[in-house]
Amino acid sequence: MSIYRVVALPATPLPIRLLRLFPAPTLNDDIKCELFPSNLDGEHTFEALSYTWGSEANPATITLQGEAREVTQNLAAALRHLRFHDRDRVLWVDALCINQNDTVEKSMQVDQMRQVYTRSCTSRVLVWLGDEGTAGAALKFMKQLKASSGRNAKLSKTTARYFPDNMSGLQIVAALGAASAGGANLTSGLLEAANASTIALQDDIMKAYESPDYFPRLLVEDSGDWKICEDLLSRNYWTRTWILQEVIHAGEVLVHIGRLAPIDIDSLCELAVSFQKWFNPVSEFARTGLILSAQHISSIADPSSPFLLHELIKAAGRGELVHEMIKDMREKYQEGAKNEGAAFSPALAPLLAKTRRHLAKDARDKIYGLVGMSNNSYQIKTNYETSIEDLYTTTTRHLLSRVLVVLSWVESPDREKSGLDLPSWVVDFTTTQEPLVLMMYTALMGFSANKNFPPTAAKEPHLEQALDCRVLILRGIQVGRILEVRTVRIPSPDEKDDQEVRIFGYETVGDNPTIHAIDRPGLTPSFRNTSWGPKKCQPNDIIIVAPGSTVPLVLRSDGGEWLFVGMCWVIESEIQNWKKMIEASSAPGVSSMDPGLSSIMAGGVCTAAKESDVKLFHIR
């Protein structure tokens, strides 16, 4: 008889099973444990385990309810290290406490999993990060670096006098690193471009370099330590979708790494954020060996510089680090716990956007793993009998009921590789997006292509459709038709990491159509003053504006209906300030409109539109 029938879930509200882990005098003793029924109303106090299952190949054997039971090696290692020597330890472990082969039970248990990690009967969450390896040395170095960063605050203010305001951390760190490696012998070109005195800057850097904890000295002399820190902070655990709801709350979370003393997750994430502040520029410096020239610094200072644009794209591609996300959101939960009636409850959409690169063994958990910690205003219920395609379709429809900008999440180079049979407008949450698309998404709220769109007396048609309908009906105004496309490169400073962008020429619609061709200075297609489109846009695709979308959309005719291709930027002349255009979008009410953008991006088409210009587009 199955263990899960012998230890059935109790017929009480919020039923669970708990695991009693028996003690052992030595680490290598056999692992013995048993399940028993309980509930989340406080009948028993327990600790909840947060871990990654790990590979199911070469399983380990434990004794559960007196019988041999196979578990992954990583779970066995966690149980070995977490058991006490002299007393039982009561845990909740998903792989053992839930019957993974019963989809009905699994759906019900997963639906209440958030409460497993946050109820008052949960004394704390235990994170198992894996064996020690070089983690001890990595933690030591991160603590040293954090202390060093604090003592170098004065240096940071000092160097601000010598570098342009819009010079990124990469350039400053690379310059300082090059200076320290070369005995503070900076190039005259760098100093001229920074408009500073050679002697003053060299004196400041030399004084700082005499300190044993000066940052660029760490960069040059302790490069191996950077690698072991990166290894610790990029372990598989940090890539899991599920960990967010398991550790992001106001409760106590202790991280266990082999036999090291446990560290609370707030302290670990603070160290990680401090480390990552420097790691990206350091790794870039190590990769390129970049020593800035006067020409390079001048180009970075130019707001229309392609190098500056390249850095904005790379920054968007990095996204928010998981450790920073955990740190910031835990602080909000803790603040909410102090102020009665001010509990923090994030919306699902930003959680999905932040975790696009996170992994889940079951693709449905890309949604289910976040619903529990969100305000779940869409009332999505966990149901493992629902197909991935149906879940992603209904979730995308839920999100589109608020704003159409969610359509910007659709484009992905991996979309055709995933094997999912999804409508063209549905987000495939198993795929990631390219840095350029992510950068374009960050700027969306600064545009207003849908401003003054002709209103409708009824609801927007897509809001009237059933959640599982695979055809999306949008009202829209066609503004153009794509005539030609080219793929061009946005150059990187070291010429090793160029980014690609798809540019297009188009023809407007109406009584007096106008052709906006691809700009070709010197016969070479240019991205500077030519419209940008989705990577897979092609001639005869159309451009529309739609209510709820701040940027124009690209559609493709398909047998009387339409396919969604992606979003686009309509550009008429050279963009004057990339940085202002991209970053202004994060400020509420601030326009990202650059003089180089078409008036279409600011609602120019909608202002002059008549009701007869509005068409219905059936997108499948």
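Starting from 1, each residue takes its place in the sequence as its number. Hydrogens, waters and symmetry mates are skipped; everything else that's a heavy atom, side chains included, is used.
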Handout entry: Note: Arg17-Asp94 ion pair, threshold 4.0 Å (strictly below)
Key = no

Practice task
Return yes if some donor-acceptor pair links the side-chain N/O of Thr122 with the main-chain N/O of Arg124 below 3.5 Å, else return no.
Solution key: no

Practice task
Write down the atom of Gly54, the atom of Thr72, and the distance for their closest heavy-atom approach.
Solution key: O-CG2, 4.0 Å

Handout entry: Lys227 and Asp231 ion-paired at < 4.0 Å
Key = yes

Exercise for the section: Look at the side chain of Arg240 and the backbone N and O of Ser50, then say whether any donor-acceptor pair between them is shorter than 3.5 Å. Expected result: no

Problem - Atom pair CZ/CD1 of Arg364 and Ile367 - distance to nearest 0.5 Å - result: 12.0 Å

Practice task
Keeping the roles fixed (side chain from Arg330, backbone from Val247), state whether a donor-acceptor pair exists under 3.5 Å.
Solution key: yes

Exercise for the section: Could you point out which residue of Leu19, Leu18, Val6 forms a side chain to side chain contact (heavy atoms under 4.5 Å, CB included) with Leu35? Expected result: Leu19

Practice task
Would you sort out whether Val437 and Met440 count as a side-chain contact (heavy atoms from CB on, under 4.5 Å), showing the intermediate values?
Solution key: CA-CA 5 Å; Val437 177; Met440 293 175 72; 5.5 Å; no

Acceptor/donor pairs from residues 346-357 side chains to any protein atom, 3.5 angstrom cut, sequence neighbours excluded:
from	atom 1	to	atom 2	distance (Å)
Lys354	NZ	Glu320	OE1	2.5
Thr355	OG1	Leu351	O	2.8
Arg356	NE	Thr431	O	2.6
Arg356	NH1	Trp409	O	3.0
Arg356	NH2	Trp409	O	3.0
Arg356	NH2	Asp428	O	3.3
Arg356	NH2	Thr431	OG1	3.1
Arg357	NH1	Gly317	O	2.6
Arg357	NH1	Arg318	O	3.4
Arg357	NH2	Arg318	O	2.3

Problem - Gap between atom CZ of Arg69 and atom CD1 of Ile31 - 0.5 Å precision - result: 13.5 Å

Problem - Val322 side chain reached by Thr239 side chain, heavy atoms, under 4.5 Å - result: no

Problem - Under 3.5 Å side-chain donor-acceptor pair for Ser401 and Tyr378 - result: no

Practice task
Could you tell me whether the side chain of His85 and the main chain of Ala24 form a donor-acceptor pair under 3.5 Å?
Solution key: yes

Practice task
Using the test salt bridge (charged side-chain N to carboxylate O under 4.0 Å, His left out), find all partners of Glu70 that sit at least two apart in sequence or belong to another chain.
Solution key: none

Exercise for the section: Answer whether the closest heavy-atom distance between the side chains of Leu271 and Ser267 falls below 4.5 Å. Expected result: no

Practice task
Indicate yes or no: does Lys535 engage Glu434 in a salt bridge with an N to O separation below 4.0 Å.
Solution key: yes

Fill in the blank from the handout: Scanning both residues in full, the closest heavy-atom pair of Met439 with Leu312 reads CG-O, 4.1 Å

Problem - Closest heavy-atom pair and its distance - Lys106, Asn99 - result: CB-O, 4.3 Å

Exercise for the section: Measure from the side-chain N and O atoms of Gln379 to the backbone N and O of Asn376, and report whether any donor-acceptor pair falls under 3.5 Å. Expected result: yes

Practice task
Before accepting this row, confirm whether a basic side-chain N of the pair Arg89/Glu47 lies closer than 4.0 Å to the acidic partner's carboxylate O.
Solution key: yes

Handout entry: CE-OG distance between Met567 and Ser408, expressed to the nearest 0.5 angstrom
Key = 5.0 Å

Handout entry: Heavy-atom donor-acceptor pair, Ser123 side chain to Phe46 backbone, under 3.5 Å
Key = yes

Handout entry: Sidechain-backbone polar pair: Ser418 side chain, Arg415 backbone, donor-acceptor under 3.5 Å
Key = yes

Problem - Flag if over 12 foreign heavy atoms under 6.0 Å of CG, Asp86 - result: yes

Problem - Salt-bridge contact Glu246-Arg114 (side-chain N to carboxylate O under 4.0 Å) - result: no

Problem - Leu463 CG to Leu400 CG distance, which is reported to the nearest 0.5 Å - result: 9.0 Å

Practice task
Please indicate whether Lys32 has more than 12 foreign heavy atoms, meaning atoms of other residues, nucleotides or ligands, lying under 6.0 Å from its NZ.
Solution key: no

Exercise for the section: May I have the step-by-step check of side-chain contact (heavy atoms from CB on, under 4.5 Å) for Thr45 and Val90, ending in yes or no? Expected result: CA-CA 8 Å; Thr45 300; Val90 178; over 6 Å; no

Problem - Shortest non-hydrogen separation from Phe564 to Ile619 and the atoms involved - result: N-CG2, 3.6 Å

Problem - Inter-residue atom distance Thr12.OG1 - Asn39.CG, 0.5 Å rounding - result: 4.0 Å

Practice task
Go through the steps for Asp468 and Thr393 under the test side-chain contact (heavy atoms from CB on, under 4.5 Å), then give the verdict.
Solution key: CA-CA 6 Å; Asp468 59 354; Thr393 299; 5.7 Å; no

Practice task
Give a yes or no on whether the backbone of His358 and the side-chain of Lys366 come within a donor-acceptor separation of less than 3.5 Å.
Solution key: yes

Practice task
Identify, with sequence neighbours excluded, every residue that meets salt bridge (charged side-chain N to carboxylate O under 4.0 Å, His left out) alongside Arg80.
Solution key: none

Exercise for the section: Could you tell me whether the side chain of Tyr4 reaches within less than 4.5 Å of the side chain of Ile98, counting heavy atoms only? Expected result: no

Problem - Neighbour count >12 (heavy atoms, 6.0 Å) for atom CD, Gln334 - result: yes

Fill in the blank from the handout: Residue pairs passing the salt bridge (charged side-chain N to carboxylate O under 4.0 Å, His left out) test with at least one member in residues 383-404, sequence neighbours excluded, are none

Practice task
Run the salt-bridge test on Asp111 and Lys381 with the 4.0 Å N-O cut-off and return the result as yes or no.
Solution key: yes

Handout entry: Closest approach of Gln65 to Glu34 (non-hydrogen atoms, all atoms of both residues)
Key = OE1-CA, 3.4 Å

Handout entry: Within-4.5 Å side-chain heavy-atom neighbours: His398 and Leu467
Key = yes

Fill in the blank from the handout: residues 410-433 vs ring-ring contact (aromatic ring centres under 6.0 Å, His included), sequence neighbours excluded, gives Tyr392-Phe429

Practice task
Evaluate the side-chain proximity of Cys97 to Ile16: yes if any heavy-atom separation is below 4.5 Å, no if none is.
Solution key: no

Practice task
Side-chain contact test, heavy atoms from C-beta onward, threshold under 4.5 Å: evaluate it for Leu359 versus Asn236 and give yes or no.
Solution key: no

Exercise for the section: Kindly say whether the aromatic ring centers of Tyr368 and Tyr384 come within a distance under 6.0 Å. Expected result: yes

Handout entry: Heavy-atom side-chain proximity of Met329 to Met373 below 4.5 angstrom
Key = yes

Handout entry: Listed once per pair and sorted, the side-chain hydrogen bond (donor to acceptor under 3.5 Å, both in side chains) pairs that draw on residues 128-140, sequence neighbours left out
Key = Asn74-Trp128

Handout entry: Heavy-atom check, side chain of Val471 versus side chain of His462, under 4.5 Å
Key = no

Problem - N/O donor-acceptor pair under 3.5 Å between Trp242 side chain and Thr52 backbone - result: no

Practice task
Kindly compute the distance separating OG (Ser107) from CD (Gln112), expressed to the nearest 0.5 Å.
Solution key: 11.5 Å

Handout entry: Main-chain N/O of Leu82 paired to His256 side chain as donor or acceptor, under 3.5 Å
Key = no

Fill in the blank from the handout: Heavy-atom nearest pair, Ser345 first then Ser374, reads OG-C, 3.9 Å

Practice task
State yes or no: are the ring centers of His44 and Phe36 separated by less than 6.0 Å?
Solution key: yes

